[in-house]
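The structure presented is a predicted model; accordingly, all values stated were derived computationally and were not measured.
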Amino acid sequence: MHTAAFTKKMLQNSLAGLKEKFFQVGNHGLAAMVLAVVFMVIHICVPGTALGSEIRIADSKGDWGYPNPFRHYPRGPGYVRMSWVFDTLVWKDKNGYIPALADTWSYDPNTKAFAFTLNPRAKWHDGRPLTAADVVFTIAYFKQHPYRWISTHALDRAEAVDDHTVVIYLAGPYAPFLSDIGGAMPVLPEHIWETVTDPFVFDDPSAFIGSGPYMFKDFNKTRGTYLFEAFPDYYQGVPKKERLVYVRSGKPMMSLITGQVDLANIRPDMAKPLREKELAVIENECGWNKKIMINHKKPPFDNPVFRRALAYAINRQEIIDKAHRGFATPASYGLLSIDHDMYNPDTPRYPWNPQKAENMIASFGWAKGPDGFFHKHGQVLEIELISSNLTVAGDRVADRDGEIIKKQLTDIGIRVHLRNQEQTTTDSRVKNWDFDLAISGHGGIAGDPRILSEMISPVYGAGSVNSARFDDSPELNRLLEAQMVEMDPARRKQIVFKIQELYADQMPAISLYYPDTMAAFNQDNGVTWFYTRGGISKGIPIPQNKMSLIR
Amino acid sequence: MRIWKKKWSTPVLVYLTAALLMAYASFRLPHLLPGDFVTAMYAGSDVTLNAEQEAELRAFYQNTDGFQGYLRNLATLDWGYSHAFMAPVSQLFLQALPWTLLLMGTAHVLSTLLGFVLGVEAAWRRGSLLEKAGVGIMTVLEGIPEICSGVLLLLVFALSFGWFPAAGAQMAYADHTFGQWLADVVHHLTLPLATLILAYLPGNFLLARAGMVMVLESWFVLTARAKGLPPVRVRYAHAARNALLPMVTRFGLRFAFMITGALVVETIFSYPGLGTLLFNAIAMRDLPLVQGIVLFSSIMVLVVNLGMEYVYHLLDPRVGHAS
């Protein structure tokens with residue numbers, strides 16, 4: 001590999017110079033010995049970085065739990081590690097749904113049932129064939145032992161028609177079925193799990209027997225490393241690389257540049273220099289939004305007019321230009337991504353207009369004092385703003401958004417106390433309604449519109465720190481329920497359009513921007529990584545789609 | 001026997017009480033962190049819990065045993081079970097400990113020895129250009145925090161030159177022979193170790209030099225010189241031994257704070273030691289793991305203190321007479 005050779009050359013050159021100096025000083029036996037050892041060390045370890053038949057991926061956290069449904073962390077990277085081992089009925093690639101364990105599928109509205117024809121070549125890692133009975137078992141098992149990633153309450157039962165045909169009956173209409181169950185539910189081998197009564201403590205090697213392209217070999221918890229090996233009998237063909245390794249790196253991009261890994265997320269301003277180093281750079285659609293959570297249960301934030309005034313006061317383009325050097329796109333106020341098929345282009349907008357914001361606030365009886373701040377009944381209008389270092393794919397960035405928003409709000413006459421707290425502290429304060437405004441962010445907005453119900457309604461998102469948990473608008477509540485059960489895509493789209501309008505009108509939270517999301521990879525080894533349309537599975541915005549190593 | 005009792009029984013009692021207090025603090029303090037495991041773990045948007053699911057999970061992770069149960073478990077060497085890793089705390093701890101010992105132990109020993117020798121030599125050459133330059137450089141280095149020198153080393157030697165890896169303690173899952181593995185570990189150790197030595201060496205150097213300068217002015221050093229002893233013997237056997245006590249104190253104190261000291265450097269270089277483990281455990285509110293690491297590190301402070309008392313006696317008999 002180029003980097004390894006380069007490194008070795010640099011080292012040898014510089015050490016040769018060092019050696020000369022040592023020997024000029026005197027013929028020191030010790031110096032010679034030390035040099036010999038150093039050379040041996042370099043010689044042995046430098047060539048170790050170039051391995052053709054494996055792929056190495058870095059991320060900054062490393063540990064995401066064991067890769068099985070019951071032991072991985074409930075976050076995107078945890079699910080993706082599991083997805084190498086366990087296949088689902090359908091999957092997604094760049095353009096949309098593709099067959100996985102199921103070759104074909106269809107929905108019958110009369111019986112409210114999905115029928116799947118399974119790929120007859122599908123096998124478990126222990127060589128046993130995968131049949132319809134395994135799918136039936138999986139659904140029954142997840143009903144008994146919930147896997148939080150999917151909600152089985154929407155399912156009534158499943159029946160195996162023959163070895164390779166399975167029909168899944170819904171308890172009622174459930175629009176996100178294909179995204180959240182067909183494309184997200186890992187199928188479990190019945191012959192292993194039928195005797196397991198506590199799946200959370202089951203850590204036998206057989207707990208990792210799946211039907212996916214890679215077999216799980218090791219997870220080192222403290223080092224945050226994973227090893228997977230190709231499953232040669234994979235029904236969609238032999239995977240391109242023999243081994244797949246995940247490593248932890250505090251600076252994934254640096255590990256990529258130094259040739260230690262093949263794929264890593266990068267900061268958008270690094271795209272150009274990385275392309276010059278002949279790395280491939282890919283960019284995702286807008287799938288993650290930074291937003292301001294508003295405590296809409298507390299005055300003055302309980303008034304939608306005040307919330308709209310905040311939206312007018314915030315200049316999102318200034319945040320993007322100053323805090324992100326232009327590498328972001330202003331978000332839709334309707335929460336759903338502007339790249340989504342169901343994005344409503346007529347969603348209300350709040351172009352920056354500080355004068356209008358001031359007038360709106362003044363309409364509640366607030367008056368500007370000599371100090372430039374709004375006053376009412378002898379009290380200053382002051383709020384607390386909690387900033388956040390969150391960004392896409394679980395990474396962290398230095399916060400500048402908070403500083404800019406503080407200035408913008410101060411400019412219209414609101415005194416702002418900016419706080420930067422550790423993320424879980426912030427999350428728990430938001431959760432307990434112990435805040436005014438908090439900057440936060442989440443993904444999933446380019447995936448199934450179910451995300452709207454989860455991120456708006458307390459019925460779906462009571463346990464989420466990102467959900468507005470807003471139920472002041474009965475019409476919005478009704479629509480959020482209705483979109484979940486509307487099986488006709490065209491009619492669902494109409495409902496989703498209306499939800500975005502109402503949400504942007506009520507403004508229980510303010511979507512700010514979509515940060516440019518990029519990754520870079522080494523293209524020497526014949527693997528082309530890509531971002532999945534709508535995100536992997538339920539909407540994970542990282543480019544580690546298993547299809548990259550299959551097709 | 002009676003003398004032993006008088007000399008050692010009181011400190012042992014004091015230490016046991018302290019250990020108990022620390023066990024209580026390590027059990028209770030992590031509970032004061034805002035937020036809990038369920039909030040931290042389910043903060044993403046991939047899995048959204050409804051109220052019922054959240055309550056169910058919270059009940060699952062609730063510790064109902066209390067402090068007495070915690071002590072009972074500790075007595076049977078049961079350190080608890082990590083929520084996030086789904087593994088016994090002791091197992092995680094023992095996996096991370098060798099890396100911290102390797103990194104921090106090597107850094108402490110090297111920087112203490114090197115700082116001592118350089119300090120003694122500098123004091124011996126007091127007034128020379130070498131000594132002045134040494135003191136100047138070390139004073140500047142003393143002011144540079146690890147986070148700064150670590151990132152600089154990373155940028156220069158990992159990113160620009162590509163001489164050393166940017167992260168980790170070894171190349172994961174490489175098919176290495178033992179020799180290659182050892183070389184790989186040394187290769188990965190270099191940058192974090194250099195960062196720590198840059199951080200610890202100046203203090204040791206300045207301390208040793210200052211102590212030595214005082215001692216060199218004593219009559220007994222003059223006597224030793226007058227006897228015509230070789231300079232190396234005068235420096236090390238006669239003078240330096242008397243400058244050693246503060247160094248030992250510093251070594252012990254620094255060693256006791258090994259885990260917190262490792263936090264910054266381990267995080268910068270993604271080194272898989274206790275610092276990284278503690279950092280992640282706190283972020284995830286994995287309380288059993290936080291408790292285990294905090295308890296162990298506080299007990300280590302006690303053990304090192306106890307050990308140091310013994311070493312003082314050994315190094316300088318006057319300490320014994322004083323008590």
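Ring orientation note: the planes of A:Phe200 and B:Phe60 are tilted relative to one another, at an angle of 30° to 60°.
Residues B:Glu54 and A:Arg148 are not paired through a salt bridge, judged by the lack of any N-O separation under 4.0 Å between the basic side chain and the carboxylate.
In plain terms, the two heavy atoms of A:Asp427 and B:Ala43 that are nearest each other are OD2-CB, 3.4 Å. Here the closest heavy-atom approach between residue A:Thr424 and residue B:Ala283 is recorded as OG1-O, 3.1 Å. Across B:Phe85 and A:Tyr66, no two heavy atoms sit closer than the pair O-CE1, 4.1 Å.
Contact of B:Glu52 with chain A is not made at all, since no heavy-atom distance falls under 4.5 Å. Heavy atoms closer than 4.5 Å to chain A are found nowhere in B:His83, neither backbone nor side chain. Neither the backbone nor the side chain of B:Ala55 comes within less than 4.5 Å of any heavy atom in chain A. For B:Ala51, the parts lying near chain A are the backbone and the side chain together; criterion is any non-hydrogen pair under 4.5 Å. If you measure heavy-atom distances from B:Leu92 to chain A, the contacts under 4.5 Å come from both the backbone and the side chain.
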Does A:Lys61 form a side-chain contact (heavy atoms from CB on, under 4.5 Å) with B:Met284? I'd like the steps, not just the answer.
CA-CA 11 Å; A:Lys61 183 166 158 56; B:Met284 290 188 289; 3.5 Å; yes

Please evaluate residues B:Tyr173 and A:Asp218 with respect to the criterion side-chain hydrogen bond (donor to acceptor under 3.5 Å, both in side chains), reporting the C-alpha separation (whole Å), side-chain torsions for both, the decisive distance (0.1 Å), and the verdict.
CA-CA 9 Å; B:Tyr173 310 113; A:Asp218 186 59; 2.7 Å; yes

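There is no side-chain donor-acceptor pair under 3.5 Å between A:Tyr460 and B:Asn50. Using modelled atom types, one finds a donor on one side chain and an acceptor on the other under 3.5 Å when comparing A:Thr425 with B:Arg285.
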